[in-house]
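Count residues from 1 along the sequence.
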Amino acid sequence: MNAARRREIRDGYLFAAPFIIGFVVFIAFPMGWALLLSFQKYNLLAPPSFVGMENISRLFSDPKVGLSLWNTAYFAVISVPLQLALAFACALLLNQPLRGRNFYRTALYLPVVVPVVVSAFIWQRAYHPEFGIINEALGWFCIPP
């Protein structure tokens with residue numbers, strides 16, 4: 001293997017390193033730790049003790065597990081694809097030449113914009129130099145605005 005090929009491989013690993021580190025830290029390690037804890041009786045006041053498959057057998061005997069699995073499956077299989085299909089249909093519809101298209105675009109996008117504008121307005125009023133509530137609170141401690 002020549003030097004250029006080794007450099008290319010090294011660069012590839014360097015570019016992939018942030019993803020690999022993030023995957024290990026935020027996904028692989030927590031999953032492994034959860035798997036390890038699933039075989040233990042864990043109490044904050046006492047050290048964990050190994051119980052084997054006792055937790056797993058108790059899990060499958062719980063009647064709420066079936067409902068939980070059904071809710072998860074419903075959400076993953078029915079709700080998410082349906083929402084994606086509706087969003088895609090709205091996007092396609094709003095890009096067609098129809099009467100009042102700008103009004104419909106505005107009405108659809110308004111709930112996204114309004115909270116940001118209201119939040120900005122509230123913070124602007126809170127920091128107002130003359131009658132803002134933050135400067136009023138600073139005045140209680142004899143700190144000028």
### Shared-cluster residues of Leu36, by chain and number - hydrophobic side chains joined below 4.5 Å
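When side chains under 4.5 Å apart are linked, the cluster holding Leu36 also contains Phe29, Trp33, Leu37, Tyr42, Leu44.
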
### Query
What are the two closest non-hydrogen atoms of Pro115 and Pro111, and how far apart are they?
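Heavy-atom minimum between the residues: CD-O, 3.1 Å.
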
### Message
Ignoring hydrogens, what is the shortest heavy-atom contact between Pro81 and Ala76? Give both atom names and the distance.
### Response
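Nearest pair, atom of Pro81 first, then Ala76: CD-O, 3.5 Å.
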
### Query
Taking only residues at least two apart or on different chains, which pairs with a member in residues 76-135 satisfy ring-ring contact (aromatic ring centres under 6.0 Å, His included)?
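Passing the test, one end in residues 76-135: Trp123-Tyr127, His128-Phe131.
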
Cluster link [X] to [Y], ILVMFWY, side chain under 4.5 Å:
{"X": "Leu84", "Y": "Ile78", "answer": "no"}
{"X": "Val114", "Y": "Ile122", "answer": "yes"}
{"X": "Leu108", "Y": "Leu86", "answer": "no"}
{"X": "Phe19", "Y": "Met31", "answer": "yes"}

### Task
Write out all pairs satisfying salt bridge (charged side-chain N to carboxylate O under 4.0 Å, His left out) with one or both partners inside residues 8-17, taking only residues at least two apart or from two chains.
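Output for this query lists Arg5-Glu8.
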
Could you measure the distance from the [atom1] atom of [X] to the [atom2] atom of [Y]? Nearest 0.5 Å is fine.
{"X": "Ile134", "Y": "Glu136", "atom1": "CD1", "atom2": "CD", "result": "12.0 Å"}
{"X": "Met53", "Y": "Leu59", "atom1": "CE", "atom2": "CG", "result": "10.0 Å"}
{"X": "Leu93", "Y": "Arg101", "atom1": "CG", "atom2": "CZ", "result": "10.5 Å"}

### Query
Partners of Ala4 by side-chain contact (heavy atoms from CB on, under 4.5 Å), sequence neighbours excluded?
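Applying side-chain contact (heavy atoms from CB on, under 4.5 Å) to Ala4 gives Asn2, Arg7.
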
### Query
side-chain contact (heavy atoms from CB on, under 4.5 Å) with Val116: which residues, sequence neighbours excluded?
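side-chain contact (heavy atoms from CB on, under 4.5 Å) list for Val116, sorted by chain: empty.
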
### Query
Which residue pairs pass the side chain to side chain donor-acceptor pair (under 3.5 Å) test with at least one member in residues 64-85, sequence neighbours excluded?
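Qualifying pairs, neighbours excluded: Ser79-Gln83.
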
#### Entry: Heavy-atom neighbours of Ile133 CD1 exceed 12 at 6.0 Å
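Result for CD1/Ile133: open.
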
### Query
Any chance CZ of Phe50 has more than 12 other-residue heavy atoms, nucleotides or ligands included, within less than 6.0 Å?
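Yes, enclosed.
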
### Task
Please test Arg105 against Asn95 for side chain to side chain contact (heavy atoms under 4.5 Å, CB included), starting from the C-alpha separation and ending with a verdict.
CA-CA 9 Å; Arg105 284 180 175 175; Asn95 279 324; 3.1 Å; yes

### Task
I would like to know whether Phe39 and Asn55 meet side chain to side chain contact (heavy atoms under 4.5 Å, CB included); could you show each step before the answer?
CA-CA 7 Å; Phe39 295 111; Asn55 291 336; over 6 Å; no

### Query
When you look at Leu138 and Asn135, which way does the side chain to side chain contact (heavy atoms under 4.5 Å, CB included) test go after all the steps?
CA-CA 5 Å; Leu138 289 175; Asn135 283 324; 3.8 Å; yes

